[in-house]
Amino acid sequence: MKKLLTALLFAPAVALASGAGVHLDKAPDVQGDKAALQSGARTFVNYCLNCHGASFVRYSRLTDLGLTDQQVKDNLMFTAVKIAEPMRVAARPDEQKLWFGAAPPDLTLVARARASEEGSGADWLYTYLRSFYVDDKRPTGWNNTLFPNVGMPNVLWELQGLQALNKDHHLELLAPGKLSPAEYDKQIADLVGFLVWMSEPDAGFRKRLGFGVLGFLVVLFAVAYPMKKAYWKDVK
């Protein structure tokens with residue numbers, strides 16, 4: 001019992017120590033940019049949806065980004081027949097477990113799940129997707145400075161190019177990809193922005209509603225306070 005109490009006492013300190021020293025790059029906020037979110041949706045469908053599903057979001061919800069039903073069907077629907085279907089992968093979970101050893105996680109809420117005291121989930125994803133490097137010791141041939149020994153390969157390497165970890169443990173570009181570093185960072189920002197939007201599509205409405213409620217309370221206070229003074233002026 002004494003050992004158990006000691007372990008419980010020091011558990012928070014160990015947890016904090018294990019997360020200390022993690023540096024996350026600040027992800028650009030593109031939530032108000034529908035063109036950027038459309039670009040992120042295109043990248044997600046072409047590079048992520050092959051393995052990772054987003055089963056809590058339906059294709060029809062993509063029309064909130066300024067797309068028509070026909071545009072979604074023609075350009076983004078590769079794993080469904082009807083636009084009201086969820087964004088699932090074509091492979092079954094048991095098939096993925098057989099191929100990869102474990103089924104890749106669903107990404108609908110990943111932007112919220114990765115939030116921590118170090119930064120937002122968007123910051124984590126933005127840093128993670130730009131931190132892959134070549135590692136011949138890993139089964140996939142890839143590793144990641146933010147997520148050491150991660151099982152996921154760098155599926156965006158053709159766009160980013162090949163990175164290596166130098167002797168100072170800093171990433172350096174060995175071979176350029178199809179995009180320049182600035183263009184790749186922009187594409188990742190769009191992708192992360194889409195993942196953030198996907199985790200809560202109504203976040204914009206919720207924030208606008210919150211400001212509206214606060215404005216109403218301010219007006220209500222401006223009316224109610226003089227009334228309160230008038231009602232209680234004769235009460236001693």
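Here the CG atom belonging to Asp25 is positioned 13.0 Å from the CH2 atom belonging to Trp124, to the nearest 0.5 angstrom. Leu65 CG to Leu37 CG: the interatomic distance, rounded to the nearest 0.5 Å, is 5.5 Å. In this structure, OG1 on Thr68 lies 9.5 Å from NZ on Lys73, to the nearest 0.5 angstrom. Expressed to the nearest 0.5 Å, how far CH2 of Trp197 lies from CD of Gln38 amounts to 10.5 Å. Atom CG of Leu67 sits about 13.0 Å away from atom OH of Tyr59, to the nearest 0.5 Å. The distance from atom OH of Tyr47 to atom CH2 of Trp157, rounded to the nearest 0.5 Å, is 10.5 Å.
Inter-residue side-chain proximity for Asp185 and Ile188 is flagged as unmet; no heavy-atom pair is nearer than 4.5 Å. Contact of the Pro176 side chain with the Leu162 side chain is not registered, since no non-hydrogen atoms from C-beta on lie closer than 4.5 Å. Looking only at side-chain heavy atoms (C-beta outward), Val218 and Leu214 stay at 4.5 Å or farther from each other. Asn75 has its side chain out of reach of Arg42: every pair of non-hydrogen atoms, C-beta onward, lies at least 4.5 Å apart. A heavy-atom distance below 4.5 Å is found between the side chains of Leu62 and Leu76.
At a threshold of 4.5 Å between side-chain heavy atoms, the hydrophobic network of Ile, Leu, Val, Met, Phe, Trp and Tyr places Val223 and Tyr231 in one connected group. Hydrophobic cluster membership differs between Phe56 and Val192, with clusters built from Ile, Leu, Val, Met, Phe, Trp and Tyr side chains linked at under 4.5 angstrom. One hydrophobic cluster, built from ILVMFWY side chains closer than 4.5 Å, holds both Val57 and Phe78. Linking ILVMFWY residues whenever their side-chain heavy atoms come closer than 4.5 Å, directly or via other members, leaves Leu191 and Leu109 in distinct clusters. Residues Val213 and Leu220 share a single hydrophobic cluster, defined by chaining ILVMFWY side chains whose heavy atoms lie under 4.5 Å apart.
Gln187 and Thr43 form a side-chain donor-acceptor contact under 3.5 Å, judged by distance and modelled atom types alone. Remark: the Asp106 side chain and the Ser55 side chain contain an N/O donor-acceptor pair separated by less than 3.5 Å. In summary, the side chains of Tyr126 and Ser120 do not present any donor paired with an acceptor at a separation below 3.5 Å, with no hydrogens or angles considered. For the 3.5 Å distance criterion, the side chains of Asp74 and Gln70 qualify, holding a donor opposite an acceptor.
Under a 3.5 Å cut-off, the side chain of Asp123 and the backbone N or O of Gly119 do not form any donor-acceptor pair. No donor-acceptor distance shorter than 3.5 angstrom exists from the side chain of Arg58 to the backbone of Glu85, with no hydrogens or angles considered. Asn143 places no side-chain N or O within donor-acceptor distance of the main-chain N or O of Tyr133, the cut-off being under 3.5 Å. Between the side chain of Thr79 and the backbone N or O of Arg88 there is at least one donor-acceptor pair closer than 3.5 Å. For the pair Gln31 (side chain) and Gly193 (backbone), a donor-acceptor distance under 3.5 Å is present. In terms of modelled atom types and a separation under 3.5 Å, the side chain of Asn166 and the main chain of His170 share a donor-acceptor contact. Glu118 contributes no side-chain N or O that, together with a main-chain N or O of Leu24, makes up a donor-acceptor pair within less than 3.5 Å.
A salt bridge links Lys186 with Asp190: at least one charged nitrogen is closer than 4.0 Å to a carboxylate oxygen.
Of all the heavy atoms in Gly40 and Phe194, the pair that sits closest is C-CB, 3.7 Å. Closest heavy-atom contact between Ala222 and Pro226: O-CD, 3.0 Å. In this structure, Ala36 and Val30 approach most closely via the heavy-atom pair CB-CB, 3.9 Å. Ala122 and Ala27 make their closest contact through O-CB, 3.5 Å (heavy atoms, listed as atom of the first residue, atom of the second, distance).
Within a 6.0 Å sphere centred on CZ of Phe205, heavy atoms belonging to other residues, nucleotides or ligands number 12 at most.
A cation-pi arrangement is absent between Arg130 and Phe132, since the terminal nitrogen or guanidinium carbon is not both under 6.0 Å from the aromatic centre and inside a 45° cone about the axis.
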Does the pair Ile83 and Met77 meet the rule for a side chain to side chain contact (heavy atoms under 4.5 Å, CB included), with working shown? CA-CA 8 Å; Ile83 195 169; Met77 274 182 56; 4.0 Å; yes
Assess whether side chain to side chain contact (heavy atoms under 4.5 Å, CB included) is satisfied between Phe44 and Met198, documenting all intermediate values. CA-CA 11 Å; Phe44 178 81; Met198 193 166 56; 4.1 Å; yes
Residue pair Tyr128, Asn144: steps toward the side chain to side chain contact (heavy atoms under 4.5 Å, CB included) verdict: CA-CA 7 Å; Tyr128 169 71; Asn144 192 285; 3.5 Å; yes
Step-by-step side chain to side chain contact (heavy atoms under 4.5 Å, CB included) determination, Leu171 to Ser131: CA-CA 8 Å; Leu171 293 173; Ser131 299; 4.3 Å; yes
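For the side chain to side chain donor-acceptor pair (under 3.5 Å) test, residues two or more places apart in sequence or in another chain that qualify with Arg61 are Asp64, Asp202. In this structure Asn154 satisfies the side chain to side chain donor-acceptor pair (under 3.5 Å) test together with Gln160, sequence neighbours excluded. In this structure, the side chain to side chain donor-acceptor pair (under 3.5 Å) partners of Ser180, at least two apart in sequence or on a different chain, are Glu183.
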